[in-house]
Enquirer: 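This is the structure I have questions about; it appears just below.
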Protein chains: 4
Amino acid sequence: MNRPGRPAGPADDTAAVVLTAALELLLTEGAAALTPQRLHTVTGVSRTTVYRHWPSPYAFVSALVDVAPVRPGEPAGDPANDLHAEIDLLCDRLRDRPVGGFLHALVAAVAVDPAVAELRRRYVADLLHPFRTILRAAGASEPEAADGAAVIASPLLVEALLLDTDADRGRAHRSADLILTGLVPA
Amino acid sequence: MNRPGRPAGPADDTAAVVLTAALELLLTEGAAALTPQRLHTVTGVSRTTVYRHWPSPYAFVSALVDVAPVRPGEPAGDPANDLHAEIDLLCDRLRDRPVGGFLHALVAAVAVDPAVAELRRRYVADLLHPFRTILRAAGASEPEAADGAAVIASPLLVEALLLDTDADRGRAHRSADLILTGLVPA
Amino acid sequence: MNRPGRPAGPADDTAAVVLTAALELLLTEGAAALTPQRLHTVTGVSRTTVYRHWPSPYAFVSALVDVAPVRPGEPAGDPANDLHAEIDLLCDRLRDRPVGGFLHALVAAVAVDPAVAELRRRYVADLLHPFRTILRAAGASEPEAADGAAVIASPLLVEALLLDTDADRGRAHRSADLILTGLVPA
Amino acid sequence: MNRPGRPAGPADDTAAVVLTAALELLLTEGAAALTPQRLHTVTGVSRTTVYRHWPSPYAFVSALVDVAPVRPGEPAGDPANDLHAEIDLLCDRLRDRPVGGFLHALVAAVAVDPAVAELRRRYVADLLHPFRTILRAAGASEPEAADGAAVIASPLLVEALLLDTDADRGRAHRSADLILTGLVPA
DNA sequence: ATTTAACCGAGACGGTACGTCCCGTCTTTAC
DNA sequence: GTAAAGACGGGACGTACCGTCTCGGTTAAAT
């Protein structure tokens, strides 16, 4: 039995307009700008409406994470090639903002709402995951794969997030090779 | 020729009281709590005085970096031992907040005042520096040392800052060994 | 087509509470006390709300002038009687503050916001106007009426505003008689 | 026995510089501008020094009243001529600021410091006084003289202070004639 | 020449009010 | 029931001035 009246939740276009603007704001001005007030002035959607549907910072970032998920590169089969491809993919993403900016924003958002920390953890884990998968496919044990992923990807994240340097692909590729050769002792 | 009048800058005790409380706040409640208002209510020093001497977030973080600098462990001579000691030191610091908390705070402060980014870069560079020095002493070339420092320390930073995990010392020590053996071709 | 949403402007009771208190403050403590801060502590209405609706001193005084206008006595027909009645009315008002206090306040408010000068001029002109009207009715020419009004009322204003003396009704009545007799040449 | 040491009170030039600037400020920007802070920025004399010698608004206005006293016109002997001359003198003064501005300022200063009210009263009384003297010399009784002074001078004050109009000399002269003829019935 | 008292400037400090901004909740109206 | 417009209280922000104070260095009289 259907309840009468208008279905709950934001109208589709309202949600689209607001979340698009939110992502835009997040990437250009950082997490601090992601307030109902700002969204109202930017989108014209009324402050009241924004509050109704996304009552907390968490709700926003959470919605955005769903809108802009991290899609891993698709494996071609050869672990070595896949690994190098994944490294390049991550470097590009960190440089071109979609991921780098989002990560920056997530880190900053935690300062405002601690609950976001969980989203940050998941987001970073998602970034590291492809490396682990590929290393497993290459014959590494689970802990070996985790270590390898950390060794390859972490420096890239540190450079992009903490040092504001371009990620050093060369080093990452060398590390990858080193790890792969360590796996096939023959 | 001396100018007349009272010497400029905060009286010694004022500076001490405020900066001590600031560090305390930073480590216990995070960077978001480090506001003039909070410092006033916590220390009793008047809001006006706080603004007078530390008008910007940058001024604060900068003063704190000077108050609580990162002191590297003192090298004992044997590169291998030194490297492992330095790893343990960093892990301890990241766990016990003095460094981990401060780093968190620096990252958050950048969201408010971009000028802090420069302090963050320097702070992180200071964290990585000891590793580079030791690796150079162990016979690595300059780029090799930089790479090695990144490979060893970055995962620790990522775990502490982005994943909220305890740093995985084991992996760090293994990486260190791997790198050291790579250096001595014998 | 009507716009949706709540009608603009302060809710009726808010306006009433604030303006009542404002008038009260004005008359008891003088114009210097008429600040948003004072009104907040006195009425309990939040400082923000006060600023929202009366952003400037001018807005306040202006609203008060509308709330407490100067109502002339109603003419009974006989110019001589009317004139003397009007004199007594003005003297009473100057003594009992409603007008005297308000005038004081207007003068003081000009020091803060020059735009109030216009309100002051109008207010004083409104005070002098009844005298002119009555003198015209008694047969005076327009300039004669203006002069007469000035001669009769000005000393009262000076005494109340500048000398802090009770207005000297006797002199005012004598001046009035003198002027009236000057008008009837017989 | 004289005490040794430097004599108390401000050095002559300090007092001169500050009071000159104070008068200037008072006339150009009104009483609200007459603060230690402003005087410091204008004269370069340190805030501390200003506070030392003129601790209250009252002290300032009081010092200024002594610096710029109201000097009555000198009587020539003939009451009629003297009276008209005095009227012109007052009108000129009200127009040319020295007196008009000062009076404005005095009125405003009362709002800040009620003690100034006494100075205002005296100042206004000093303005009215010449008229009374001359009328007495013309044969008026004391109350008659007071009334006459009020009738002649008050409208001028009201016009200058409350209506921002140029004082109407014509009316004042006519009033004077009227009063003088009333005195010599013969 | 030395006292000695006061001047003077620079600035710290606590306090209060200012005017602004954003937050989060609520109420009123229109669709 | 959604949406818009806006009132409202609350809190922090950063600024400005106030009045008091402490600290140095200077100056002018009286001894």
Side-chain angles (χ1 to χ4, degrees), chain A residues 3-11 14 32-33 35-38 40-41 44-53 55-57 112, chain B residues 1-15 35-38 40-41 44-53 55-57 112, chain C residues 1-15 18 35-38 40-41 44-53 55-57 112, chain D residues 1-15 32-33 35-38 40-41 44-53 55-57 112:
Chain A
R3 287 172 21 281
R6 180 168 178 165
T14 301
T35 71
Q37 179 68 40
R38 281 306 297 278
H40 160 59
T41 61
V45 170
S46 92
R47 222 160 53 85
T48 316
T49 302
V50 176
Y51 273 112
R52 228 191 307 274
H53 298 297
S56 69
V112 180
Chain B
M1 185 197 85
N2 273 343
R3 286 180 11 287
R6 181 170 179 166
D12 286 355
D13 49 352
T14 301
T35 71
Q37 177 67 37
R38 265 324 278 290
H40 160 58
T41 60
V45 169
S46 90
R47 220 159 56 84
T48 312
T49 298
V50 176
Y51 276 111
R52 229 190 306 268
H53 298 298
S56 68
V112 181
Chain C
M1 187 196 86
N2 273 342
R3 286 178 14 284
R6 181 170 179 164
D12 286 354
D13 49 352
T14 300
V18 173
T35 71
Q37 177 68 38
R38 265 324 278 291
H40 160 58
T41 61
V45 169
S46 90
R47 220 159 56 84
T48 312
T49 299
V50 176
Y51 276 111
R52 233 190 303 266
H53 297 299
S56 69
V112 181
Chain D
M1 183 196 93
N2 275 342
R3 291 183 4 290
R6 181 172 177 161
D12 287 354
D13 50 352
T14 301
T35 71
Q37 178 69 39
R38 280 307 297 280
H40 160 59
T41 61
V45 170
S46 91
R47 221 160 54 85
T48 314
T49 301
V50 176
Y51 274 111
R52 233 189 305 268
H53 298 298
S56 69
V112 180

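Chain A is the first sequence line, chain B the second, and so forth, proteins listed ahead of strands; every chain is numbered from 1. Just so you know, these numbers use all the heavy atoms, side chains as well, and skip hydrogens, waters and symmetry mates.
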Enquirer: Within the 4.0 Å heavy-atom criterion, would you say C:Pro10 contacts the bases, only the backbone, or no part of the nucleic acid?
Expert: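 Sugar-phosphate, no base atom in range.
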
Enquirer: From the options D:Ser46, D:Ser56, D:Pro36, select the one residue that forms a side chain to side chain contact (heavy atoms under 4.5 Å, CB included) with D:Tyr51.
Expert: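 Looking at D:Ser46, D:Ser56, D:Pro36, the match for D:Tyr51 under the side chain to side chain contact (heavy atoms under 4.5 Å, CB included) is D:Pro36.
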
Enquirer: Taking the minimum atom-to-atom distance to the side chain of B:Ala11, which one of F:dA3, E:dA12, F:dC18 wins?
Expert: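 Minimum distance to the B:Ala11 side chain belongs to E:dA12.
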
Enquirer: Is there a side-chain contact between C:Thr35 and the phosphate of E:dC18, meaning an N or O under 4.0 Å from OP1 or OP2?
Expert: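 Yes, within the criterion.
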
Enquirer: Rounded to the nearest Å, what distance is computed from the NE2 atom of residue D:His40 to the C1' atom of nucleotide F:dA16?
Expert: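 Answer to the nearest Å: 14 Å.
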
Enquirer: Assign each of B:Gln37 and C:Asp12 to its nearest nucleotide of DNA chain F by heavy atoms, then name whichever residue's nucleotide is nearer the 5' end.
Expert: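 Residue closer to the 5' terminus by nearest nucleotide: C:Asp12.
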
Enquirer: Take the protein atom CZ of A:Arg38 and the nucleotide atom P of E:dC21, then report the distance between them rounded to whole Å.
Expert: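 My rounded result for the distance is 13 Å.
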
Enquirer: When only distance counts, do a donor and an acceptor, one from the side chain of B:Arg47 and one from the base of E:dG15, lie under 3.5 Å apart?
Expert: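 A donor-acceptor contact between them is absent.
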
Enquirer: Any idea which of E:dG14, E:dT29, F:dC18 is nearest the B:Ser46 side chain?
Expert: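 The answer is E:dG14, which lies nearest to the side chain.
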
Enquirer: Expressed in angstrom and rounded to an integer, what is the separation of A:Tyr51 atom OH from E:dC22 atom P?
Expert: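 The distance from OH of A:Tyr51 to P of E:dC22 comes to 11 Å, rounded to the nearest Å.
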
Enquirer: C:Arg47 versus C:Val50: any side-chain heavy-atom pair under 4.5 Å?
Expert: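 When only atoms from C-beta onward are counted, C:Val50 and C:Arg47 do not touch, as no gap falls below 4.5 Å.
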
Enquirer: Regarding E:dG15, can its base be found pairing with the side chain of B:Thr48 as donor and acceptor, where the two atoms are less than 3.5 Å apart?
Expert: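 Side chain to base: pair found, below 3.5 Å.
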
Enquirer: Give D:His53 one of three labels, base, sugar-phosphate or nothing, depending on what nucleic acid heavy atoms sit under 4.0 Å from its own.
Expert: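 Sugar-phosphate only.
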
Enquirer: If you find the nucleotide of DNA chain F closest to D:Arg52 and the one closest to C:Thr49, which residue's nucleotide is nearer the 5' end?
Expert: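 With D:Arg52 and C:Thr49 compared, the 5'-side residue is C:Thr49.
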
Enquirer: What is the distance from atom NE2 of D:His40 to atom OG1 of D:Thr35, rounded to the nearest 0.5 Å?
Expert: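 So the NE2 of D:His40 and the OG1 of D:Thr35 are separated by 10.5 Å.
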
Enquirer: More 5' along DNA chain E: D:Asp13 or C:Pro36, using each one's nearest nucleotide?
Expert: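 It is D:Asp13, whose closest nucleotide lies nearer the 5' terminus.
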
Enquirer: Between C:Arg6 and D:Ala15, who's closer to the 5' end of DNA chain E by nearest nucleotide?
Expert: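 Counting from the 5' end, the first nearest nucleotide belongs to D:Ala15.
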
Enquirer: Work out which heavy atom in C:Ala11 is nearest to a heavy atom in C:Arg6; give both atom names and the distance.
Expert: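 Scanning both residues completely, I find the closest heavy atoms to be CB-NH2, 4.2 Å.
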
